[in-house]
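First comes the structure, then the notes that go with it.
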Amino acid sequence: MRYIIYIMMWYSYAFSQCAGTQSFTLTPAPSGGTYAPAQVVTLCYTLNSFTQTSSNWFEGFDLNLGAGWASVAPQTSPANCGGNGTGGQWVWRTSVTSTATPVQTVGPGYFFDLNTDGNPGNDFGDSQSSGSCSWTFCVTLTVANVCTPASLLIQVTARPDGLWGSYTSTACDAVAPNTVFNGTINATPPVLGAIQHN
C-alpha cells in the first residue's frame, strides 16, 4: 500500500490468466478506511496489457459496488487499442449480457462495442494484435447521505470477450476481481459546540 500525499491513494496489482498489471487512484483518499456521507470520490483505473490467450480480446471492466455508494457516473472512457483494425468504441453501460456461453450479465462498467450497435455483449472485444496496450477509465462515485456504516466496497474485474462478448473460448474466464477499496461510511456523529440561546 502506498499513499500519494494529500489527494490520492495508489495501488498496483498483477493477476494471472490474461489480465496484466492493474493500478488505480482514489481522489480524495479515504480517511481511516472511511468516507464521509455525501462525499464525492473519483476512481481512475488502469489495466496495463491483456494477454490474448486462445485469441481472447479484452471486453471490459465490471464494477461491483457496496450498498453505501449512492451513485456511480462515467467520467473518462478507455482509449481504443485499435489493434483489430475494425474500429469499435468503449461505452458505459449499467448492464451488459453476453452471447458467449455461459451467458453472463455484468455492469455497471465500461465495455468494448466492436460493431457499434450499442450492445457490447454481442461482438468481440478490443484487440491488441499490433502490440501492447493500456486501458484507463475514470468514474465519479457518490457516498450515500446517511450516518450508518454501510459498505463502500469497490471491486473492478477486467475480463475477455470469451466471457462477456460473443467469442467462444473460455481460456481467460478466471480473471479475479480486484478489490480497490473495502471501507465504510463514516458513522461518527459530528461534534457540536455549546448551544447558545438569545
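Every heavy atom of this structure was used, including side-chain atoms; hydrogens, water molecules and symmetry mates were not. Quick caveat, the model's predicted, so the values are computed rather than measured.
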Is any side-chain heavy atom of [X] less than 4.5 Å from a side-chain heavy atom of [Y]?
X: Gln39; Y: Pro28; answer: yes
X: Glu59; Y: Leu163; answer: no
X: Thr25; Y: Cys44; answer: yes
X: Ser95; Y: Thr105; answer: yes

Rounded to the nearest 0.5 Å, what separation is found between the [atom1] atom of [X] and the [atom2] atom of [Y]?
X: Asp117; Y: Asn122; atom1: CG; atom2: CG; answer: 4.5 Å
X: Thr142; Y: Tyr35; atom1: OG1; atom2: OH; answer: 12.0 Å
X: Trp92; Y: Phe137; atom1: CH2; atom2: CZ; answer: 7.5 Å
X: Phe61; Y: Tyr45; atom1: CZ; atom2: OH; answer: 7.0 Å
X: Tyr110; Y: Leu63; atom1: OH; atom2: CG; answer: 9.5 Å
X: Cys18; Y: Arg159; atom1: SG; atom2: CZ; answer: 11.0 Å

If we ignore hydrogens and angles and just use 3.5 Å, is the side chain of [X] paired with the main-chain N or O of [Y] as donor and acceptor?
X: Trp57; Y: Asp161; result: no
X: Asp126; Y: Cys81; result: yes
X: Asn182; Y: Leu152; result: no
X: Ser169; Y: Ala171; result: yes
X: Asn145; Y: Pro37; result: no
X: Ser151; Y: Leu153; result: yes
X: Asp123; Y: Asn115; result: yes
X: Ser98; Y: Gln104; result: yes
X: Arg93; Y: Val106; result: no

Starting from [Y], can I reach [X] by hopping between I/L/V/M/F/W/Y residues whose side chains sit under 4.5 Å apart?
X: Val139; Y: Phe111; value: no
X: Trp164; Y: Leu114; value: no
X: Val146; Y: Phe181; value: yes
X: Val156; Y: Val96; value: no

Checklist entry - Side chains of Thr116 and Gln89: donor-acceptor distance under 3.5 Å anywhere? => result no
Next on the checklist: Using the rule given for side-chain hydrogen bond (donor to acceptor under 3.5 Å, both in side chains), can you reason through Asn186 versus Thr188, listing the C-alpha separation, both sets of side-chain angles and the distance that settles it, and then say yes or no?
Outcome noted: CA-CA 6 Å; Asn186 185 347; Thr188 305; 3.0 Å; yes
Checklist entry - Does the side chain to side chain contact (heavy atoms under 4.5 Å, CB included) test come out yes or no for Val72 and Leu65, once each step is laid out? => result CA-CA 9 Å; Val72 57; Leu65 302 173; 3.8 Å; yes
Considering non-hydrogen atoms only, spot the tightest contact between [X] and [Y] and give its length.
X: Pro160; Y: Phe50; value: CB-CZ, 3.7 Å
X: Gly88; Y: Asn80; value: O-ND2, 2.6 Å
X: Ser49; Y: Trp135; value: C-CZ3, 3.9 Å

Checklist entry - Between Ser71 and Leu141, does a side chain to side chain contact (heavy atoms under 4.5 Å, CB included) hold up when you go through it step by step? => result CA-CA 6 Å; Ser71 66; Leu141 298 151; over 6 Å; no
Item to check | Option from Asn48, Asn178, Thr157 for which side chain to side chain contact (heavy atoms under 4.5 Å, CB included) with Gln22 holds | outcome: Asn178
Next on the checklist: Out of the candidates Pro120, Ser77, Pro74, only one should pair with Trp90 under the side chain to side chain contact (heavy atoms under 4.5 Å, CB included) rule; please name it.
Outcome noted: Ser77
Item to check | Thr46/Ser134 under side chain to side chain contact (heavy atoms under 4.5 Å, CB included): CA gap, chis, key distance, verdict | outcome: CA-CA 7 Å; Thr46 298; Ser134 179; 3.4 Å; yes
Next on the checklist: Could you go through Gln75 and Thr140, starting from their C-alpha distance and side-chain angles, then the distance that decides it, and tell me whether this counts as side-chain hydrogen bond (donor to acceptor under 3.5 Å, both in side chains)?
Outcome noted: CA-CA 6 Å; Gln75 191 179 94; Thr140 301; 2.9 Å; yes
Checklist entry - Given the rule in the side chain to side chain contact (heavy atoms under 4.5 Å, CB included) test, do Trp69 and Ile154 qualify, once you have shown the distances and angles that lead to the verdict? => result CA-CA 9 Å; Trp69 295 108; Ile154 305 171; 3.6 Å; yes
